[in-house]
Amino acid sequence: MKIRTRIAPSPTGAPHIGTAYVALFNYAFAKHQGGEFILRIEDTDRERSSREAEQAILAALKWLGLSWDEGPDVGGSFSPYRQSERTALYQDAARRLVAKGAAYPCFCAPERLAELRRAQTTVKDGFLGYDGRCAALSSQEAQRRIQAGEAHVLRLRVPAEGDCVLRDGLRGEVRIPWNKVDHQVLLKADGFPTYHLANVVDDHLMEITHVIRGEEWLSSLPKHVLLYQAFGWQPPEFYHLPLLRNPDKTKLSKRRNPVSILYYQRAGILPETLINYLGLMAYSFADGREQFTLAELAESFDIKRVSLGGPIFDLQKLQSFNGRRLRELPLDELLGRLQTWGLNEETWRKVLPLAQPRLNQLADLVPLAAFLFADRQLYEPAALLNTGLSGQRVARLLRLAQWEIERSAEWTLDAIKQIFERMAQLEGLKLKQLLAPFYIAISGAVVSLPIFDSMLILGRDMTLARLQYAREALAEAGCALTKDELAELEKTYRAQYGGGG
RNA sequence: GCGCCUAUCGUCUAUCGGUCAGGACACCAGGUUUUCAUCCUGGGAAGCGGAGUUCGACUCUCCGUAGGCGCGCCA
């Protein structure tokens with residue numbers, strides 16, 4: 001049987017470094033054995049999924065050299081590869097589960113579930129999850145209520161007692177008590193499947209033989225094997241990779257680290273360095289090699305060599321590896337890399353109109369535009385405070401801008417302008433006042449090129465990184481927001497801006 | 001709170017019961033270099049704690065401890 005693995009990203013945000021990490025191992029595993037690597041888009045969350053995000057993920061993985069044999073862009077014999085285009089399949093599968101009694105309709109309103117949750121968290125007996133009320137409904141009664149047009153979801157029927165015995169390819173046997181497994185919603189009220197259903201159905205239909213994914217999924221594995229059993233399908237083999245961590249050991253998050261692949265691209269990390277470094281996370285070559293290419297990794301890949309401690313993503317080591325590669329490049333190639341990276345005519349044509357009015361000598365250009373090609377701009381943290389706004393205020397504004405930028409659908413001059421104009425209005429500031437600290441954060445200076453155009457050229461991810469750097473600088477100057485202040489700010493943000501943090 | 005996973009230098013890791021516990025990043029010192037960087041050489045730095053199994057445990061088992069993840073009509 002042909003080895004088939006897949007990466008199944010959800011297009012809900014910037015392409016995540018963790019996606020590349022998991023994709024890399026799936027790719028290497030499949031290619032090592034002459035198998036196929038598939039890309040599937042898990043866009044079952046209608047609220048948050050977007051085509052822009054999907055495009056960005058595809059582009060980022062391509063940039064890294066992780067090519068797939070089948071996917072939404074290249075097609076394949078198991079198409080479509082976008083879950084939003086496969087809903088009939090899931091609905092049909094869900095119907096079969098109900099017919100077999102493996103799933104049941106649930107009419108509980110979100111309000112009741114929220115109430116239930118609240119009650120459960122106060123009791124602290126350890127039980128959190130659906131109480132099974134609708135599981136007891138007779139099929140006639142359920143049928144009647146469905147016919148009456150009552151909104152409902154489909155839930156997985158989970159055994160009440162005993163242990164679920166699982167196999168993870170890296171850990172061996174794992175036992176999880178059934179009574180700790182929630183009656184997972186399989187089909188939402190909008191008719192869309194949840195991850196759990198869609199994932200199992202697609203992995204089966206697409207003949208995935210090995211599921212290599214993040215450890216965060218280990219605890220929902222019982223639901224998945226239960227589904228395979230209910231369908232009467234042979235489950236694939238499962239391998240759960242340890243999660244990438246922040247320096248404080250928590251799961252890698254943008255709070256502490258840039259997590260967008262696009263940021264690393266923008267900062268001038270070579271794709272082969274990122275692949276090399278990611279291949280060092282939780283993995284080692286039998287011969288101790290630490291410098292390698294994607295092809296070399298695939299050639300010698302042995303999934304049993306994955307180690308299980310959660311690796312901390314260390315920017316310094318990544319940069320050190322990148323430096324070594326840059327130094328080894330022949331001059332012509334280095335020049336070529338710089339050009340494809342962004343030092344090219346196309347960029348200058350964008351920059352020049354901004355710089356021209358500010359030039360007295362040609363020699364003024366490069367210093368003026370340098371920040372557009374930099375990663376971290378160095379400036380005195382105090383500069384952020386010489387803006388007529390208090391440190392606390394600036395910290396809040398930076399955070400608000402991050403949220404607004406993250407949630408903006410597009411990255412265009414108009415979109416950026418709107419974000420800040422709206423912010424100025426909601427904050428009761430003149431645009432000029434509001435922007436003052438942002439000039440420092442983005443360009444490192446009070447006098448600079450037009451800021452919205454600069455953000456556009458820098459790209460969303462580098463812009464976000466600059467705001468993050470500014471918050472860090474502020475924290476150094478003693479103006480960090482406390483956890484409580486942040487929570488408070490998020491509440492205000494939701495109320496005033498109508499966004500989620 | 002409950003369940004599961006994990007545990008070697010600060011960090012990434014090697015070690016398939018017997019090693020002076022090795023390498024890489026970072027750090028420190030010295031050398032090369034007009035400065036710096038590079039490069040070279042050297043150095044400090046680790047088996048979470050306690051029982052057990054064994055002639056012998058970093059390695060196997062158990063109990064602690066710590067960390068992580070999960071407990072959504074998100075994935």
Side-chain angles (χ1 to χ4, degrees), chain A residues 8-13 16 18-19 41-49 83 106 108-110 113-114 117 120-130 151-155 163-164 166 168 170-172 174-199 213-223 240-252 276-291 304-324 326-328 500:
Chain A
S10 174
T12 53
H16 198 280
T19 303
I41 294 294
E42 308 228 330
D43 54 351
T44 53
D45 184 342
R46 288 206 283 185
E47 305 267 295
R48 297 194 301 157
S49 298
Q83 290 187 328
C106 169
C108 293
L113 299 176
R117 235 190 117 62
Q120 285 170 344
T121 42
T122 54
V123 175
K124 292 215 165 175
D125 64 346
F127 185 79
L128 273 173
Y130 185 60
H152 65 282
V153 300
L154 254 33
R155 282 185 187 272
D163 284 355
C164 176
L166 308 158
D168 173 271
L170 300 173
R171 280 160 263 257
V174 176
R175 284 168 182 274
I176 296 177
W178 277 121
N179 63 13
K180 298 293 179 259
V181 179
D182 194 23
H183 290 202
Q184 183 64 50
V185 169
L186 300 174
L187 208 61
K188 308 178 208 174
D190 64 5
F192 268 63
T194 57
Y195 167 85
H196 305 276
L197 209 220
N199 182 261
R213 64 207 327 183
E215 191 178 5
E216 54 200 334
W217 296 110
L218 189 54
S219 45
S220 41
L221 186 51
K223 297 167 191 173
H240 293 88
L241 302 174
L243 262 22
L244 260 25
R245 314 269 190 101
N246 295 312
D248 68 359
K249 303 248 186 202
T250 53
K251 175 163 118 172
L252 192 67
N276 188 156
Y277 183 66
L278 252 16
L280 247 23
M281 297 277 89
Y283 188 75
S284 62
F285 276 61
D287 63 11
R289 225 180 321 168
E290 291 189 341
Q291 310 273 323
K304 297 282 188 213
R305 292 194 60 83
V306 169
S307 62
L308 297 176
I312 291 170
F313 190 85
D314 180 7
L315 270 166
Q316 222 169 11
K317 188 162 180 174
L318 174 70
Q319 279 161 349
S320 157
F321 270 51
N322 200 53
R324 172 158 15 192
L326 287 175
R327 286 189 291 276
E328 284 169 355

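Naming convention: chains lettered A, B, ... in sequence-line order (proteins, then strands); numbering from 1 in each chain.
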Which part of the nucleic acid does [X] contact within heavy-atom distance under 4.0 Å: base, sugar-phosphate only, or nothing?
X: Arg213(A); answer: nothing
X: Thr12(A); answer: nothing
X: Leu280(A); answer: sugar-phosphate
X: Pro311(A); answer: sugar-phosphate
X: Ser220(A); answer: nothing
X: Phe192(A); answer: nothing
X: Val174(A); answer: sugar-phosphate
X: Arg305(A); answer: sugar-phosphate
X: Gly288(A); answer: nothing
X: Cys164(A); answer: nothing
X: Glu290(A); answer: base

Taking the same atom, [atom1], in [N] and in [M], what whole-Å distance lies between them?
N: A57(B); M: U8(B); atom1: C1'; value: 14 Å
N: A46(B); M: G22(B); atom1: C1'; value: 12 Å
N: C62(B); M: C69(B); atom1: C1'; value: 24 Å
N: U32(B); M: C25(B); atom1: C1'; value: 23 Å
N: C20(B); M: U15(B); atom1: C1'; value: 15 Å
N: C27(B); M: C9(B); atom1: C1'; value: 12 Å
N: U53(B); M: U61(B); atom1: P; value: 15 Å
N: G67(B); M: A29(B); atom1: P; value: 35 Å

Nearest-Å distance for atom pair [atom1]/[atom2], residues [X] and [N]:
X: Asn322(A); N: A24(B); atom1: CG; atom2: P; answer: 19 Å
X: Asp287(A); N: G23(B); atom1: CG; atom2: C1'; answer: 12 Å
X: Leu244(A); N: U11(B); atom1: CG; atom2: C1'; answer: 13 Å
X: Lys304(A); N: C16(B); atom1: NZ; atom2: P; answer: 18 Å
X: Tyr195(A); N: G70(B); atom1: OH; atom2: P; answer: 13 Å
X: Arg171(A); N: U6(B); atom1: CZ; atom2: P; answer: 6 Å
X: Gln120(A); N: G3(B); atom1: CD; atom2: P; answer: 16 Å
X: Gln319(A); N: A37(B); atom1: CD; atom2: P; answer: 16 Å

Under 3.5 Å, is there an N or O donor on one side and an acceptor on the other linking the side chain of Lys317(A) and the base of A24(B)? yes
Looking only at N and O atoms, is any donor in the side chain of Glu216(A) or the base of G70(B) less than 3.5 Å from an acceptor on the other one?
no
Would Arg213(A) and His240(A) count as having a side-chain donor-acceptor pair, cut-off 3.5 Å? yes
Under 3.5 Å side-chain donor-acceptor pair for Thr250(A) and Asn246(A): yes
Checking contacts here: which listed nucleotide (C73(B), C12(B), U13(B)) is nearest the side-chain heavy atoms of Ser284(A)?
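Closest of the options to the side chain of Ser284(A): U13(B).
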The answer to which of Leu243(A) and Ile176(A) contacts RNA chain B further toward the 5' end, by nearest nucleotide, is Ile176(A)
The residue, Ala8(A) or Thr250(A), whose nearest nucleotide of RNA chain B is more 5′ is Thr250(A)
[N]: pairing nucleotide in any strand, Watson-Crick or G-U under 3.5 angstrom:
N: C27(B); value: G43(B)
N: G49(B); value: C63(B)
N: U15(B); value: none
N: U35(B); value: none
N: C69(B); value: G3(B)

Ignoring backbone atoms, establish whether Arg245(A) has a side-chain N or O less than 4.0 Å from OP1 or OP2 of U6(B).
no
For the residue pair Arg155(A) and Tyr130(A), would you count it as a cation-pi contact if the rule is NZ or CZ under 6.0 angstrom from the ring centre and within 45 degrees of the ring axis? yes
How close do [X] and [Y] get, heavy atom to heavy atom, and via which atoms?
X: Tyr277(A); Y: Ile312(A); value: OH-O, 3.8 Å
X: Pro193(A); Y: Thr44(A); value: O-CB, 3.4 Å
X: Glu42(A); Y: Pro11(A); value: O-CD, 3.5 Å

One should read off an interatomic distance between Tyr195(A) OH and Leu186(A) CG, to the nearest 0.5 angstrom, of 13.5 Å
request  = Identify whether the distance between the nearest side-chain nitrogen and carboxylate oxygen of Lys251(A) and Glu215(A) falls below 4.0 Å.
outcome  = no
